[in-house]
Amino acid sequence: MVKNTLEDEDMTLLSYNLVVAGAGFFGLTIAHQAATRLGLKVLVIERRGHIGGNAHSVIDPATGIEAHVYGSHLFHCNSEEIWRYLNGFTPFTDYRHHVLTTHQGKVYSMPINLGTINSFFGKEFSSEEAQALIASQRGEITVDAAHNLEEKAIALIGRPLYEAFIRGYTAKQWQTDPRELPADIITRLPVRFTHNTRYFDDRFEGLPSEGYYTIFKRMADHPNIHVMLNTDFFEVRPQLHAGVPIVYTGPIDRYFDYRLGALAWRTLDFEREIVPTGDFQGTSVMNYADEEIPYTRIHEFRHLHPERNYQREKTIIFREYSRFAGKEDEPYYPVNTNRDKDLFEAYRKLAQREKNVLFGGRLGTYRYFDMHQAIGAAFKLFENRLAPHFTQKQPLDNGGDF
Ligand code: FAD
Ligand code: UDP
């Protein structure tokens with residue numbers, strides 16, 4: 001049951017067995033597991049006016065097209081358990097994600113593959129020839145010796161391709177020197193010496209055929225789950241029953257009132273436009289590699305669901321801009337420089353001293369989680385900590401195993 005406001009009646013109901021702060025994938029997975037598997041009564045407190053966290057979607061009233069409010073969310077995973085779990089809420093389509101990128105006015109395929117390499121160098125290299133070329137362009141740096149994003153990218157694709165497709169985009173997206181950024185950001189993108197242009201390599205991929213919003217509605221639709229929207233956890237915390245376990249999925253530094261300093265996050269601004277055409281860019285996501293173009297990418301949501309036969313008179317697009325988050329902004333991506341890593345470690349130690357509170361999710365554990373990773377981490381927390389607590393009285397004497 002989802003409510004819009006906090007009602008006194010709820011706060012006198014001290015019969016909740018579990019409180020979850022945050023109704024994103026992590027929080028709702030915990031609530032759903034607790035209610036369906038252990039029959040627990042769960043109170044979910046959500047600051048925003050909707051459930052689903054950053055994966056929330058709506059049907060845009062002007063076009064009838066499902067828009068992903070916080071940017072395109074592509075589902076992919078290797079875990080059959082997670083795939084089946086989500087398919088239990090709605091079937092998934094067989095959508096396969098492909099991304100294009102524009103550099104100096106020309107369109108290339110991303111992630112970098114044999115086609116990208118050949119069109120960039122104006123050649124028809126074989127796979128082996130392309131590998132030999134990249135090897136000659138990576139200079140001294142080897143993948144194993146690469147310690148930051150720039151070194152890793154150059155080791156993987158050589159300097160010319162790095163400068164064309166990665167440096168400008170990364171500068172816009174992170175506003176941090178690529179030599180300060182962790183190498184694993186770039187390892188998210190495969191590099192292929194084949195003509196495979198798929199964005200993801202995972203076993204399972206697709207989009208919820210009834211929309212992300214339907215998944216969240218169905219996850220929360222249980223008589224034992226009460227969701228309170230527009231409610232900040234910290235405002236109602238004093239009214240909650242002291243002994244009830246809490247799963248906290250908001251920002252970890254906020255939990256400790258920023259007492260050690262603020263962790264760096266990036267936030268995004270989306271500029272929404274309804275364009276009077278049946279097709280604006282011919283694809284769902286077009287990246288813009290050059291620094292002179294202020295946005296990082298344009299999303300055109302109609303292409304996420306070709307099976308829906310949307311009207312052809314107009315289309316909805318989002319231009320995505322990235323910048324550092326202030327305290328009032330939505331934190332989207334942990335920046336994770338060395339300074340952040342140290343600060344997070346200090347917060348993690350504080351969290352380990354908390355009793356009856358478990359930290360989870362992207363914000364609570366300061367991790368660059370994809371949706372399947374958030375769900376997988378919630379399963380783990382439920383199995384390892386919450387279920388043993390409720391069924392075997394195992395104490396919740398630290399903030400979680402993260
Ligand atoms: P969130 O979704 O952030 O949910 C946390 C919730 O807690 C929020 O609703 C927030 O309002 C609430 N909250 C915070 N503080 C409080 C408080 N004090 N009181 C009450 N509530 C609070 N993943 C993919 O798998 N594929 C993709 O293509 C993809 N694309 C992405 C694109 C963008 C632009 C972004 C930002 C993320 C993308 N992700 C993608 C990642 C995906 O959004 C996350 O993995 C997922 O949302 C994590 O769920 P979560 O519950 O941990 O966090
Ligand atoms: N990236 C890039 N150029 C692109 C796409 C990605 O330089 O056209 C880099 C950028 O640093 C980005 C990282 O690769 O942060 C990971 O890309 P991904 O698409 O996974 O980013 P996300 O989905 O998190 O926005």
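What's counted below: heavy atoms across the whole structure, side chains too, no hydrogens, waters or symmetry copies. Counting starts at 1 for both ligands and their atoms, in listed order.
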| Below 4.0 angstrom, N of the basic side chain to O of the carboxylate: do R218 and E210 qualify? | yes

| Out of D184, D370, T170, whose heavy atom is nearest to atom 7 (O) of ligand 2? | T170

| Within-shell test, R297 vs ligand 2, heavy atom, strictly < 4.0 Å | yes

| note | When rounded to the nearest 0.5 Å, the distance separating CZ of R297 from CD1 of I317 is 14.5 Å

| said: Please confirm whether the ring centroid of F301 lies under 6.0 Å from the ring centroid of H68. | reply: yes

Are there any protein N or O atoms under 3.5 Å from the N or O atoms of ligand 1? List them with distances, or say none.
unit_1, atom_1, unit_2, atom_2, d
ligand 1, 2 (O), N54, N, 2.9
ligand 1, 3 (O), R362, NE, 3.4
ligand 1, 3 (O), R362, NH2, 2.7
ligand 1, 9 (O), E46, OE1, 2.8
ligand 1, 9 (O), E46, OE2, 3.1
ligand 1, 11 (O), E46, OE2, 2.6
ligand 1, 18 (N), D232, OD1, 3.2
ligand 1, 19 (N), F233, N, 3.0
ligand 1, 21 (N), R47, N, 3.1
ligand 1, 23 (N), D370, OD1, 3.2
ligand 1, 23 (N), M371, N, 3.3
ligand 1, 25 (O), M371, N, 2.7
ligand 1, 26 (N), L74, O, 2.8
ligand 1, 28 (O), L74, N, 2.8
ligand 1, 30 (N), S72, O, 3.4
ligand 1, 39 (N), H73, NE2, 3.4
ligand 1, 43 (O), H73, NE2, 2.7
ligand 1, 45 (O), F369, O, 2.7
ligand 1, 45 (O), D370, O, 3.3
ligand 1, 45 (O), M371, N, 3.3
ligand 1, 51 (O), F25, N, 3.2
ligand 1, 51 (O), F26, N, 2.9
ligand 1, 52 (O), R362, N, 2.9

| said: Could you tell me, atom by atom, which parts of ligand 2 come under 4.0 Å of a heavy atom of Q173? | reply: 10 (C), 12 (C), 15 (O), 25 (O)

| Aromatic ring pairing Y248/F233, orientation class (parallel under 30°, perpendicular over 60°, tilted between) | tilted

| Atoms of ligand 2, numbered as shown, that sit under 4.0 Å from any heavy atom of M110 | 3 (N), 4 (C), 5 (C), 8 (O)

| Would you call the rings of F318 and F270 parallel, tilted or perpendicular if under 30° counts as parallel and over 60° as perpendicular? | tilted

| Numbering as shown, the atoms of ligand 2 that approach Y199 to under 4.0 Å (heavy-atom distance) | 18 (P), 19 (O)

| note | Note: N287, heavy atoms under 4.0 Å from ligand 2, region reported as side chain

| task | Can you pull out the closest protein heavy atom to atom 16 (C) of ligand 2? Residue, atom name and distance to 0.1 Å, please. | result | I185 O, 3.6 Å

| Does an N or O anywhere in Y169 fall below 3.5 Å from an N or O of ligand 2? | no

| query | Would you say the ring centroid of Y213 lies under 6.0 angstrom from that of H56? | reply | no

| remark: Minimal heavy-atom distance between I215 and F25, with the atoms involved, is CG2-CE2, 4.3 Å

| Steps toward side-chain contact (heavy atoms from CB on, under 4.5 Å) verdict (D290, Q104) | CA-CA 7 Å; D290 304 327; Q104 304 290 312; 3.7 Å; yes

| request: Please state whether the rings of H76 and F200 are parallel, tilted or perpendicular, taking 30° and 60° as the class boundaries. | output: parallel

| message | Give me the nearest non-hydrogen protein atom to atom 3 (N) of ligand 2 as residue plus atom name, then the distance to 0.1 Å. | response | F165 O, 3.0 Å

| request: State yes or no: are the ring centers of Y288 and Y295 separated by less than 6.0 Å? | output: yes

| Pairs flagged by side-chain hydrogen bond (donor to acceptor under 3.5 Å, both in side chains) wherever residues 142-157 is involved - sequence neighbours left out | E150-Y162

| Aromatic plane relationship, H97 with Y95 - under 30° parallel, 30 to 60° tilted, over 60° perpendicular | tilted

| Residue portion contacting ligand 2 (non-hydrogen atoms closer than 4.0 Å) for I186 | side chain

| field | For ligand 2, the portion of Y333 having any non-hydrogen atom under 4.0 Å away | value | side chain

| field | For atom 20 (O) of ligand 2, closest protein heavy-atom neighbour | value | R188 NE, 3.0 Å

| field | Near-ring test F125/F193, centroid separation under 6.0 angstrom | value | no

| message | Please report whether ligand 2 has a polar contact with L149, defined as an N or O pair separated by less than 3.5 Å (distance criterion only). | response | no

| Which atoms of ligand 2 sit under 4.0 Å from any heavy atom of Y368? | 21 (O), 22 (P), 24 (O)

| query | For atom 6 (C) of ligand 2, what is the nearest protein heavy atom, given as residue, atom name and distance? | reply | L189 CD1, 3.4 Å

